[in-house]
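Naming: A, B, ... by sequence-line order, numbering from 1 per chain. Note that the coordinates shown come from a computational prediction; the quantities given were computed from them, not determined experimentally.
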There are 2 protein chains.
Amino acid sequence: MTQEAGGSATTSIQAKVIAEMRARIIGGEVDPGAPLSELALADEFGVSRTPVREAFKQLQTEGLVEIRPRVGTFVTTPSRREITELFEMKELLEGAAARLLAQRGRVPEVDRLRNNLREADAAVARDDREHYAKLVGEFHDLLITGADNSKLEAHYKTLMNQLAYPRLVKTSLDQPGRPLQSDREHHLVLELIIEKDGDSAEQVMREHVRASRRALLAGLPAPGPGPSTDPART
Amino acid sequence: MTQEAGGSATTSIQAKVIAEMRARIIGGEVDPGAPLSELALADEFGVSRTPVREAFKQLQTEGLVEIRPRVGTFVTTPSRREITELFEMKELLEGAAARLLAQRGRVPEVDRLRNNLREADAAVARDDREHYAKLVGEFHDLLITGADNSKLEAHYKTLMNQLAYPRLVKTSLDQPGRPLQSDREHHLVLELIIEKDGDSAEQVMREHVRASRRALLAGLPAPGPGPSTDPART
DNA sequence: CACCAATCTCTTGCATGCAAGGAACGTTAG
DNA sequence: CTAACGTTCCTTGCATGCAAGAGATTGGTG
């Protein structure tokens with residue numbers, strides 16, 4: 001969804017607001033649970049409340065904000081449980097993508113994945129976690145794109161948005177030894193894809209997601225961004 | 001998503017509009033590709049354009065309508081390819097749900113599935129396709145609910161909405177012998193779930209989805225509501 | 001001192017007005 | 001008769017005004 005990201009020159013003013021807000025939330029510039037004032041944002045962007053309002057509406061459907069009627073709009077704070085659910089979905093979709101890509105055979109994405117891993121190896125070797133994190137994101141995106149199913153891709157994107165994934169990846173990669181293991185797992189998955197072994201590719205990919213989830217949770221403090229910040233709820 | 005369906009007494013006016021529009025689109029009351037005028041609907045509902053507009057925004061994110069800026073809002077017409085993709089996703093999600101439900105063991109949903117099949121058997125026996133179609137929908141919904149993953153449920157619902165599934169089920173069940181076979185497949189899946197054989201349950205469920213898809217496509221005319229109405233795209 | 005209540009302000013929900021951009025249509029030239 | 005052009009109308013995008021509801025604050029009371 002929201003495929004307009006592809007540089008549509010239309011760029012209605014609200015499209016900009018949506019993009020900007022999404023970036024801020026995913027990037028962690030605004031704290032989870034924080035209230036988002038229509039008026040404040042409208043002023044900041046130099047527009048009226050209307051486009052901001054419509055942006056909120058869409059972001060809500062994407063699961064990034066929560067609109068409490070007559071109260072306000074807040075950045076969603078995924079509960080521990082929701083994070084688990086999101087990872088369950090991530091495992092499901094990425095596993096399926098690996099299988100589908102394997103079935104497709106030799107497609108451009110496979111080569112791009114190979115190149116990605118080449119770069120990733122180098123990044124790991126020199127312990128450049130920042131760059132590696134970026135490459136990890138790219139790897140997973142390529143996998144999804146390679147599955148060649150636009151619906152899968154759309155659902156995956158909302159999923160990642162809700163996880164605020166870019167923020168999380170770094171945490172998990174800060175676990176000692178995790179980057180190297182992650183890189184190895186990526187290699188294994190790609191090998192299986194090239195061998196057209198869809199079943200195994202899915203299996204391994206799913207296991208990889210579970211491993212990354214474990215690494216992530218290990219790196220998080222107690223309840224993380226839990227609802228503790230907002231005891232007033234309910 | 002859009003959990004407001006749960007009879008929130010708030011029922012902001014736009015929530016009603018969203019619900020009504022969604023029902024119409026899914027129910028096939030409005031033709032795919034048909035334009036939806038903000039003004040006309042606003043008049044019909046006796047409200048201003050604003051809530052209608054916001055409803056469109058959400059329905060777009062749900063994939064039910066397409067807003068072409070400065071042109072109009074139209075009911076989306078899934079292409080043949082998109083339908084394939086949607087079924088691929090359906091297979092994926094329902095398969096996963098079967099597996100998850102099997103892993104959960106004895107939960108209330110299992111009993112409700114059993115009751116559902118009892119009723120379904122009777123409906124098939126007396127060739128009550130209408131009622132059976134309803135039970136089929138319920139069966140799949142129970143399966144998803146039983147997976148106990150709110151994200152899975154949310155994504156599944158948008159999927160079904162985009163497929164306008166209720167409309168399609170009847171078509172597929174009009175294939176001779178399909179109801180009986182469908183019922184048998186449901187029984188098999190439930191058996192495997194009760195036996196806690198998650199792997200097999202997923203396998204069989206996926207096969208069941210593929211079978212239902214074949215039955216459906218066999219019942220559809222040539223390109224159906226294809227994009228023929230709209231050659232201007234891309 | 002604690003607790004309850006009423007008010008008061010700030011928030012969003014909806015209605016409406018205005019302008020810009022497309023699309024369709026009628027007209028005119030070839 | 002066909003095709004290209006200009007114009008008109010209709011569409012949505014955005015700005016703004018108003019009112020209702022929720023929450024916080026403050027005053028009063030037990």
Got a salt bridge between B:Glu85 and A:Lys151, using NZ or NE/NH1/NH2 to carboxylate O under 4.0 Å? no
Side chain of A:Arg49: nearest nucleotide among D:dA15, C:dA15, D:dG17? D:dG17
A:Asn116 side-chain N/O to A:Leu135 backbone N/O, donor-acceptor pair under 3.5 Å: yes
Out of C:dT12, C:dG22, D:dG13, minimum distance to the side chain of B:Pro69 belongs to D:dG13
For B:Leu39 and D:dG13, give me the distance from atom CG to atom C1', rounded to whole Å. 15 Å
Regarding D:dA22, can its base be found pairing with the side chain of A:Arg68 as donor and acceptor, where the two atoms are less than 3.5 Å apart? no
Can you tell which of C:dG17, C:dG13, C:dA15 lies closest to the side chain of A:Ile67? C:dG13
Residues A:Arg24, A:Glu44: salt bridge by 4.0 Å N-O rule: yes
Listed nucleotide nearest any side-chain atom of B:Arg53, set C:dG13, C:dA23, D:dT12: D:dT12
Which one, C:dA15, D:dC14, D:dG21, comes nearest to the side chain of A:Ser12? D:dC14
So, B:Glu109 versus B:Thr145: side-chain donor-acceptor pair below 3.5 Å or not? no
Spacing between A:Glu38 atom CD and C:dC10 atom C1', to the nearest angstrom: 12 Å
Considering heavy-atom distances to DNA chain C, does A:Thr50 or A:Gly72 have its closest nucleotide positioned more toward the 5' end? A:Gly72
